[in-house]
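Just so you know, these numbers come straight off a predicted model, no measurement behind them.
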Amino acid sequence: MIGAVRCELLIYDVQSLKQKRSVLKSIQTKLKQRYNLSVAETAYYDSWQRAELTLVTVANDRVVCERELQRALSLIDGQPEAERTITEYEWL
C-alpha cells in the first residue's frame, strides 16, 4: 500500500524565497528524521508565502500508512511558521 498526501501551506512572516526555503527545509528535515516517509516540495516554487508539500509512505497495510501520515501532518500543524490549508490523500 502506498499512501500520499499533498498539503498546501501558508508561510507567515517571510519576505523572500530564501526565508521560505529555510522554513520548508526545517519542516522537511523534522519529518524525514521522525517518520518513515519521503517529503518533497511539489508546487508554488516562486511564491514566497505559499508552498505545497507531498508526503509519501509505503506499508503492508493502509492503517499503518494512515497513522504515519496523520502523525506527520500533526507535526506540520504544530509548526508556528506555517499553516496547513488544503490537504488531499491518495492511495495506490
Side-chain angles (χ1 to χ4, degrees):
M1 178 62 66
I2 300 171
V5 64
R6 282 192 334 251
C7 57
E8 287 189 25
L9 301 174
L10 295 177
I11 303 170
Y12 302 110
D13 299 327
V14 294
Q15 303 300 317
S16 68
L17 287 173
K18 186 175 181 179
Q19 289 177 327
K20 171 191 171 183
R21 299 280 182 259
S22 175
V23 169
L24 287 179
K25 183 84 166 164
S26 172
I27 292 171
Q28 289 175 314
T29 300
K30 288 175 187 175
L31 288 168
K32 288 177 184 178
Q33 288 176 346
R34 296 181 188 176
Y35 304 110
N36 182 26
L37 47 81
S38 295
V39 184
E41 181 182 3
T42 52
Y44 311 114
Y45 305 106
D46 294 330
S47 174
W48 45 271
Q49 287 190 317
R50 191 173 181 196
E52 179 182 271
L53 290 180
T54 299
L55 295 73
V56 178
T57 189
V58 179
N60 291 333
D61 187 12
R62 181 175 170 156
V63 173
V64 175
C65 284
E66 283 185 65
R67 183 174 50 233
E68 198 72 7
L69 291 172
Q70 279 303 117
R71 289 174 40 198
L73 291 174
S74 294
L75 185 140
I76 292 171
D77 291 340
Q79 302 300 309
E81 308 90 10
E83 176 185 351
R84 182 168 55 102
T85 57
I86 300 169
T87 304
E88 297 175 349
Y89 288 86
E90 266 187 70
W91 303 101
L92 307 168

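- No continuous path of ILVMFWY side-chain contacts below 4.5 Å connects Tyr89 to Leu92, so the two sit in separate hydrophobic clusters.
- Criterion: ILVMFWY side-chain heavy atoms under 4.5 Å apart, direct or through other members. Under it, Leu31 and Ile2 are not part of a common hydrophobic cluster.
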Between side-chain atoms of residues 22-30 and protein atoms elsewhere (two or more places apart, or another chain), which donor-acceptor pairs fall under 3.5 Å?
unit_1	atom_1	unit_2	atom_2	d
Thr29	OG1	Lys25	O	2.8
Lys30	NZ	Gln79	OE1	3.2

Show which side-chain atoms of residues 51-69 pair as donor or acceptor with protein atoms under 3.5 Å away, not counting sequence neighbours.
unit_1	atom_1	unit_2	atom_2	d
Glu52	OE2	Thr42	OG1	2.7
Thr54	OG1	Thr42	OG1	2.9
Thr57	OG1	Asn36	O	2.7
Arg62	NE	Glu66	OE2	3.2
Glu68	OE2	Asn36	N	2.7

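- In summary, the side chains of Glu83 and Tyr12 do present a donor paired with an acceptor at a separation below 3.5 Å, with no hydrogens or angles considered.
- Looking at Lys20, its side chain never comes within 3.5 Å of a backbone N or O of Ile11 through a donor-acceptor pair.
- To the nearest 0.5 angstrom, Tyr35 atom OH is 11.0 Å from Gln70 atom CD.
- If you take CG on Leu9 and OH on Tyr44, they are separated by 10.5 Å, rounding to the nearest 0.5 Å.
- Taken together through direct or relayed side-chain contacts under 4.5 Å among Ile, Leu, Val, Met, Phe, Trp and Tyr, Ile86 and Leu75 form parts of separate hydrophobic clusters.
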- Evaluate the criterion side chain to side chain contact (heavy atoms under 4.5 Å, CB included) for residue pair Arg71 and Arg34; output intermediate values, then yes/no. CA-CA 10 Å; Arg71 289 174 40 198; Arg34 296 181 188 176; over 6 Å; no

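- Of the inter-residue distances, the one linking Gln49 atom CD with Asp13 atom CG reads 8.5 Å to the nearest 0.5 angstrom.
- Looking at Arg84 and Glu8, no side-chain N of the basic residue comes within less than 4.0 Å of a carboxylate O on the acidic one, giving no salt bridge.
- With rounding to the nearest 0.5 Å, the separation of CZ in Arg21 from CH2 in Trp48 is 13.5 Å.
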